[in-house]
Student: 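Just dropping this structure here.
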Amino acid sequence: MFDPSAVFYMEKLVTGPEAADVVDLRLPVKQNLHLIAKAKGVNVNQLNVMILDRDRHRGLVEEVREAGARAKFIMDGDVAGAIAAARSGTGVDALMGVGGTPEGIVTACAIKTLGGVIQGRLWPTSDDEKQKAIDAGHDLDRVLSTDDLVTGDNCYFAATGITDGDLLRGVRYAKDKVLTQSIVMRSKSGTVRFVDGEHQAHKWECYSRRS
């Protein structure tokens, strides 16, 4: 897995298999959206772009809307947003914007299973962070691909919902049961499994008291 050193944030572009070979993070937003639309065989005004709801993305949102596409906001969790962008039938065609670098690396594990692409570029938030990245040997202009972020071809991704989201249901309580939903992926086989769990609350309580 890629080591970002001290750089916590990364500019990201994620889309599914249809447009994986045509997008480029260095291109203008409008151009990438037109390339995605062409690859998917739809009009730009049919595209939904998932974006973290942050002040830093005001300019990005304007560019997306000026291109004719729609912005779909999320409060947090751009890993789930990126997975939605890579999977069919989610109503999300791309994820754009700046989010956590560790989350970008985790996302690459999922993309290895789903197909599609994540492209990232380190986004230092201060001169000190920028200098630390340069001292660590990072090229801040380099666009990192899925394979740069995760080099192996046999990786796993697993997540369990805590609160309700577009990807997973959150934890639910039903009398003596705790209900969870998880997703598990393996890149080598391209397998995606959704797991609904029922956990006996009284057994968990006994276990936690022993530990």
Side-chain angles (χ1 to χ4, degrees), residues 7-123 125 141-150 157 159 161 163-168 183 185 192:
V7 185
F8 185 77
Y9 287 103
M10 172 186 286
E11 182 184 1
K12 304 172 190 177
L13 169 59
V14 182
T15 191
E18 301 96 331
D21 295 330
V22 299
V23 295
D24 190 327
L25 187 60
R26 294 164 293 192
L27 295 176
V29 170
K30 182 177 181 179
Q31 188 171 349
N32 272 319
L33 291 175
H34 278 275
L35 290 169
I36 292 170
K38 183 178 179 180
K40 291 192 164 208
V42 300
N43 296 323
V44 175
N45 62 11
Q46 294 175 269
L47 296 181
N48 291 303
V49 182
M50 192 162 275
I51 301 172
L52 277 169
D53 190 3
R54 301 288 188 273
D55 287 343
R56 62 177 177 263
H57 290 149
R58 288 179 181 175
L60 171 61
V61 172
E62 290 179 4
E63 290 185 76
V64 168
R65 289 174 172 167
E66 287 174 1
R70 294 184 294 268
K72 180 180 174 67
F73 295 106
I74 49 175
M75 296 305 298
D76 50 38
D78 69 347
V79 175
I83 291 172
R87 295 183 72 220
S88 60
T90 63
V92 178
D93 301 287
L95 176 134
M96 295 181 174
V98 174
T101 305
E103 287 84 349
I105 296 167
V106 170
T107 295
C109 293
I111 297 296
K112 288 270 186 170
T113 299
L114 298 169
V117 68
I118 175 171
Q119 295 180 2
R121 183 163 48 195
L122 295 177
W123 198 76
T125 58
D141 294 321
R142 180 187 176 192
V143 174
L144 301 161
S145 68
T146 309
D147 287 332
D148 292 322
L149 296 172
V150 177
F157 174 94
T163 57
D164 287 342
D166 291 328
L167 180 64
L168 296 167
I183 185 171
M185 306 185 199
V192 179

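Values below: every heavy atom of this structure, side chains too, minus hydrogens, waters and symmetry copies.
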Student: Counting only heavy atoms not in Lys30, do more than 12 fall under 6.0 Å of its NZ?
Tutor: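 Result for NZ/Lys30: open.
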
Student: Using the side-chain hydrogen bond (donor to acceptor under 3.5 Å, both in side chains) criterion, which residues pair with Arg121? Sequence neighbours excluded.
Tutor: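 Only Glu11 meet the side-chain hydrogen bond (donor to acceptor under 3.5 Å, both in side chains) criterion with Arg121.
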
Student: Given Ile36, which of Leu47, Val49, Val22 fulfils the side chain to side chain contact (heavy atoms under 4.5 Å, CB included) condition?
Tutor: Leu47

Student: Starting at CG of Leu25, measure out to CD1 of Ile118 and round the result to the nearest 0.5 Å.
Tutor: 10.0 Å

Student: Counting only N and O atoms by type, is there a donor-acceptor contact under 3.5 Å from the side chain of His34 to the main-chain atoms of Val44?
Tutor: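 No.
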
Student: Can you see which heavy atom on Pro17 is nearest to which on Ala86, and at what distance?
Tutor: CD-O, 3.6 Å

Student: Would you find more than 12 non-hydrogen atoms of other residues, nucleotides or ligands less than 6.0 Å from Phe157 atom CZ?
Tutor: yes

Student: Which heavy atom in Thr15 sits nearest to a heavy atom in Asp93, and how many Å separate them?
Tutor: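 Shortest heavy-atom separation between Thr15 and Asp93 comes out as OG1-O, 2.8 Å.
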
Student: Do the side chains of Thr125 and Phe8 get nearer than 4.5 Å, heavy atoms only?
Tutor: no

Student: So does Ala37 get a backbone contact from the side chain of Asn43, meaning a donor-acceptor N/O pair under 3.5 Å?
Tutor: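 Flag not set: sc Asn43 to bb Ala37 has no pair under 3.5 Å.
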
Student: Could you grab the distance from atom CD of Gln46 to atom CZ of Arg70, nearest 0.5 Å is fine?
Tutor: 7.5 Å

Student: Distance from Asp147 atom CG to Ile111 atom CD1, nearest 0.5 Å?
Tutor: 11.5 Å

Student: Can you name the nearest heavy-atom pair linking Asn32 to Val23, along with the distance?
Tutor: OD1-CA, 3.4 Å

Student: Test your reading of the model: is there a side-chain donor-acceptor pair from Asp53 to the backbone of Phe73, 3.5 Å cut-off?
Tutor: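 Between the backbone of Phe73 and the side chain of Asp53 there is no qualifying donor-acceptor contact (under 3.5 Å).
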
Student: Determine whether more than 12 heavy atoms belonging to other residues, nucleotides or ligands lie under 6.0 Å from atom CZ of Arg26.
Tutor: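 12 or below, so no.
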
Student: Nearest 0.5 Å please: distance from the CG atom of Leu144 over to the CG atom of Leu149.
Tutor: 5.5 Å

Student: Would you say that Glu103 contacts Lys12 through its side chain, given a criterion of any heavy-atom pair below 4.5 Å between the two side chains?
Tutor: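 Glu103 reaches Lys12 side chain to side chain.
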
Student: Measure across Asp148 and Arg142 and return the closest heavy-atom pair with its distance rounded to 0.1 Å.
Tutor: OD1-NH2, 3.0 Å

Student: Determine the minimum heavy-atom distance between Ala69 and Leu33, stating which atoms define it.
Tutor: CB-CD1, 4.0 Å

Student: Among residues at least two apart in sequence or on other chains, which ones pass salt bridge (Lys or Arg N to Asp or Glu O under 4.0 Å) with Arg65?
Tutor: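 Result, salt bridge (Lys or Arg N to Asp or Glu O under 4.0 Å) vs Arg65: none returned.
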
Student: With rounding to the nearest 0.5 angstrom, report the OG1 to CD1 distance, Thr90 to Ile83.
Tutor: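 One finds 10.5 Å between OG1 of Thr90 and CD1 of Ile83.
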
Student: With sequence neighbours left out, what residues match Asp166 under salt bridge (Lys or Arg N to Asp or Glu O under 4.0 Å)?
Tutor: none

Student: Determine the minimum heavy-atom distance between Arg87 and Leu167, stating which atoms define it.
Tutor: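 Arg87 and Leu167 have their closest heavy atoms at NH1-CD1, 4.3 Å.
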
Student: Is a donor on one side and an acceptor on the other found under 3.5 Å between the side chain of Lys38 and the backbone of Ala19?
Tutor: no

Student: Using a 4.5 Å cut-off on heavy atoms from C-beta on, say whether the side chain of Thr146 contacts that of Val150.
Tutor: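 Heavy-atom side-chain distance check fails, nothing below 4.5 Å.
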
Student: CZ of Arg54 to CG of Leu60: how many Å apart, nearest 0.5 Å?
Tutor: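 If we round to the nearest 0.5 Å, Arg54:CZ and Leu60:CG are 13.0 Å apart.
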
Student: Might you work through the side chain to side chain contact (heavy atoms under 4.5 Å, CB included) test for Leu27 and Leu35, ending with a clear yes or no?
Tutor: CA-CA 10 Å; Leu27 295 176; Leu35 290 169; 3.7 Å; yes

Student: Under 3.5 Å, side chain of Ser145 to main-chain N/O of Gln119, donor-acceptor pair present?
Tutor: no

